[in-house]
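Read the structure below first, then the notes.
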Amino acid sequence: MTNSVAFIGLGAMGYRMAAHLPKSFAQVMVWNRNFAKAEQHAAKYGTQAVTIEQATQADIIFSCLPTSAEVESIITQYPPKSGAIWVDCTSGVPESAVKMASFLQAQGAHFLDAPVSGQTIGAENGTLTVMIGGDAQAFERAYAAIEPFGGLIKHVGESGAGFAVKAVNNMLLAANLWATAEGFTTLKANGVDLNSALECINASSGKSAVTEMVLPQRILNREFPLTFALPLLAKDTGIALALAQQAKLPTPLLSLTQNLIQTANLTSEPDSDFSAAVKLYESWSQIEIK
Ligand code: NDP
């Protein structure tokens, strides 16, 4: 029986995800490092801004922080009570999920790695894809708490499997992003109208989430709105590459993609959206994708 839920980390994703929880739970506690955001959330959505000590004593605790390092730091300082389930929606490191699951198991609690996909608009609409690794029974118990912000909610395997799927997903996003930049620059250099080309490609086999959403909504209009920070994408491609290398696989394309995204990250302006990675290619080609 879940009486209380808590959400830790009210960033671009967490703020919107936590807003759905009061539809299903009478008591929703929220905590954020910059505490004013938690107070603002409470005033707007009827949640309760609490201390980190209180938040970590809920029956189900969600976290959505930049990396596994911040999650580990909070879990080890403030372990949850016996019987609790910690649902970590961070795009994290599979090894860390295994470590946290075993740490919490020793306390009689569970850790589920439950990263999400669908960007801030999916968080806002409560339609996120949630890919979950960890104990199957804990997944069953947590399902109803995840449902308010989830669309597809899928148990994908043991601890770490959810983080692995998310990292590979974002590697594919990054590869498509870079390939799209090169492809559309090629079209522009050959005198083709990019909007007409986009319409054709989105009705053809070369389409992807990048051509359907990222290119028209962020790049061609030169808006690059900051909703998913470039350093976070660079982190995800790093996690995916490390996973492939740990499995001793050849990684020609994954290595190159990670290298390009990391270079774009290191050379981009602070607070760049992930889509701004294409500006590195634009600086090489001297052609703007617009
Ligand atoms: P944001 O940078 O917007 O938010 C980060 C959150 O973590 C903030 O609440 C921040 O608190 C908190 N935080 C940062 N450092 C610490 C710390 N040391 N201790 C405690 N809290 C801390 O990130 P997003 O919401 O965009 O992303 C969160 C996770 O979700 C990442 O793993 C990301 O890869 C993933 N993700 C993001 C998507 C997106 O479209 N943005 C889509 C899918 C997944 P404070 O407000 O005090 O800074």
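Model, not experiment: these values are computed from the prediction. We count residues from 1, following the sequence as given. Whatever order the structure lists them in is the order used to number ligands and atoms, beginning at 1.
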*Going through the checks in order, is the side-chain contact (heavy atoms from CB on, under 4.5 Å) test met by Q48 and Q27?*
CA-CA 7 Å; Q48 203 184 339; Q27 191 190 11; 3.4 Å; yes
Give the residue, atom name and distance (to 0.1 Å) of the protein heavy atom nearest [atom].
atom	result
atom 9 (O) of ligand 1	N32 OD1, 2.7 Å
atom 3 (O) of ligand 1	A12 N, 2.8 Å
atom 48 (O) of ligand 1	R33 NH2, 2.9 Å
atom 2 (O) of ligand 1	L232 CD1, 4.8 Å
atom 18 (N) of ligand 1	E70 CG, 3.5 Å
atom 47 (O) of ligand 1	N34 N, 2.9 Å

*Contact with ligand 1 for G9, non-hydrogen, under 4.0 angstrom*: yes
*Would you please determine whether C64 falls within less than 4.0 Å of ligand 1 on a heavy-atom basis?*
yes
*Does T47 reach the side chain of P22, with side-chain heavy atoms less than 4.5 Å apart?*
yes
_Atoms in ligand 1 flagged as close to T227, the criterion being non-hydrogen separation under 4.0 Å_ = 39 (C), 40 (O), 41 (N)
*Between T185 and E182, is any side-chain donor less than 3.5 angstrom from a side-chain acceptor?*
no
*asked:* Can you confirm, on distance only, whether ligand 1 has an N/O atom lying under 3.5 Å from any N/O atom belonging to S91?
replied: yes
